[in-house]
Amino acid sequence: MSPAPSVRPSPGPTATGVACNGTPLLTGAGFPEVRGTATDAELWGLLFMDVPFPRGREVKIVWRMTGEGPLKIKATLPDGTSARLAWGPEEHGGSTWRRPGDEWGTGLVFPKRGCWKVELTRTCGSGHVWLPVR
């Protein structure tokens, strides 16, 4: 009698570096992810484009964030330049992406090169990630 075949789980995301300014970038099977720095919350971003992002193009990012209340988002460069929120945040009712918290989708347009600080706030909880744009 031969032994039963072993079942291997799918590989999970692997930390492959940093997006910029210390934001962990995880890649593996599927879209890249970033893990944010947060206060009174946990924050994750699912990037629908590889980083660095191209400037001037809309980038879809899905966010998961714990906490309470609606989500507000803004993205700025250290010089004060703001990214344009093309759409969202749109709350998602369900998803196959498994990270803690409620889920929202956004479309952002970054007009200049640089390392962008994307800040997310809820009534209870706040956080940020840094994302590179070429």
Side-chain angles (χ1 to χ4, degrees):
M1 178 178 229
S2 59
S6 63
V7 177
R8 292 185 186 186
S10 303
T14 304
T16 57
V18 292
C20 59
N21 284 356
T23 294
L25 176 66
L26 296 94
T27 58
F31 294 108
E33 299 178 81
V34 287
R35 184 167 189 175
T37 300
T39 303
D40 297 325
E42 189 170 338
L43 173 62
W44 289 87
L46 184 64
L47 314 176
F48 282 72
M49 189 178 288
D50 288 332
V51 293
F53 300 138
R55 70 182 180 279
R57 287 196 41 208
E58 183 180 308
V59 177
K60 179 181 178 181
I61 304 174
V62 173
W63 304 98
R64 277 207 175 253
M65 186 172 180
T66 60
E68 297 175 6
L71 182 73
K72 293 181 183 175
I73 184 169
K74 70 177 182 175
T76 54
L77 280 174
D79 72 3
T81 302
S82 293
R84 181 173 61 85
L85 186 61
W87 55 272
E90 292 178 357
E91 193 167 3
H92 291 176
S95 169
T96 58
W97 183 39
R98 299 291 174 229
R99 293 293 182 200
D102 300 314
E103 185 175 299
W104 291 269
T106 57
L108 290 162
V109 179
F110 302 95
K112 291 171 58 175
R113 296 175 194 252
C115 191
W116 289 80
K117 185 177 187 181
V118 182
E119 298 174 273
L120 296 97
T121 57
R122 299 185 70 180
T123 306
C124 178
S126 63
H128 69 273
V129 300
W130 290 90
L131 299 171
V133 174
R134 66 180 184 322

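The first residue of the sequence shown is numbered 1, and numbering continues consecutively from there. Any value given below was found using the heavy atoms of this structure, including those in side chains, with hydrogens, waters and symmetry copies removed.
- Residues S95 and E103 bring a donor and an acceptor atom of their side chains to less than 3.5 Å of each other.
- A heavy-atom distance below 4.5 Å is not found between the side chains of T23 and V18.
- Taking all atoms of both residues into account, the shortest heavy-atom contact from P111 to T81 is CG-CG2, 4.0 Å.
- Between L108 and I73, some side-chain heavy-atom pair lies under the 4.5 Å cut-off.
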L47 vs V59, test: side-chain contact (heavy atoms from CB on, under 4.5 Å). Steps then yes/no. CA-CA 8 Å; L47 314 176; V59 177; 5.9 Å; no
With salt bridge (Lys or Arg N to Asp or Glu O under 4.0 Å) as the criterion, how do D102 and R122 come out once you've worked through the C-alpha distance, each side chain's angles and the decisive distance to 0.1 Å? CA-CA 11 Å; D102 300 314; R122 299 185 70 180; 2.8 Å; yes
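- Counting only heavy atoms from C-beta outward, the side chains of V51 and L25 approach each other to under 4.5 Å.
- The local environment of CD in E68 is sparse, with at most 12 non-hydrogen atoms from other residues, nucleotides or ligands closer than 6.0 Å.
- Between R99 and E33, the closest side-chain pair of non-hydrogen atoms falls below 4.5 Å.
- When all heavy atoms are compared, the tightest approach of T123 to G69 is OG1-CA, 3.6 Å.
- One finds the CZ atom of F110 at 13.0 Å from the CZ atom of R57 (value rounded to the nearest 0.5 Å).
- A donor-acceptor pair shorter than 3.5 Å cannot be found between the side chains of W116 and T76.
- Minimum heavy-atom separation, P54 to M49: CD-SD, 3.2 Å.
- Interatomic distance, CG of N21 versus NZ of K117, reported as 9.5 Å (0.5 Å rounding).
- Taking the ring centre of W44 as origin, the terminal cationic atom of R64 falls outside the region bounded by 6.0 Å and 45° from the ring axis.
- Linking Ile, Leu, Val, Met, Phe, Trp and Tyr whenever their side-chain heavy atoms come within less than 4.5 Å puts L77 and V118 in one cluster.
- You'll find the side chain of T106 reaches within 4.5 Å of the side chain of W63, heavy atoms only.
- Taking the side chain as every heavy atom from C-beta outward, W104 and V62 never approach each other to under 4.5 Å.
- The CE atom of M65 lies 6.5 Å from the CG atom of L71; values are rounded to the nearest 0.5 Å.
- By the 4.5 Å heavy-atom criterion applied to side chains, L26 and P32 are not counted as neighbours.
- Residues A41 and G125 come closest through the heavy atom pair CB-CA, 4.0 Å.
- Listed by first and then second residue, the salt bridge (Lys or Arg N to Asp or Glu O under 4.0 Å) pairs involving residues 74-87 are K74-E119, D79-K112 (not counting sequence neighbours).
- Taking the side chain as every heavy atom from C-beta outward, L120 and L43 approach each other to under 4.5 Å.
- Here the CZ-NZ distance, from F31 to K60, works out to 7.5 Å after rounding to the nearest 0.5 Å.
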Could you give the side-chain donor-acceptor pairs of residues 126-134 under 3.5 Å, partners two or more places apart or in another chain?
| residue | atom | partner | partner atom | Å |
| --- | --- | --- | --- | --- |
| R134 | NH1 | P52 | O | 3.2 |

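- L85 and W87 sit in two unconnected hydrophobic clusters of ILVMFWY residues. Membership requires side-chain heavy atoms under 4.5 Å apart, directly or through other members.
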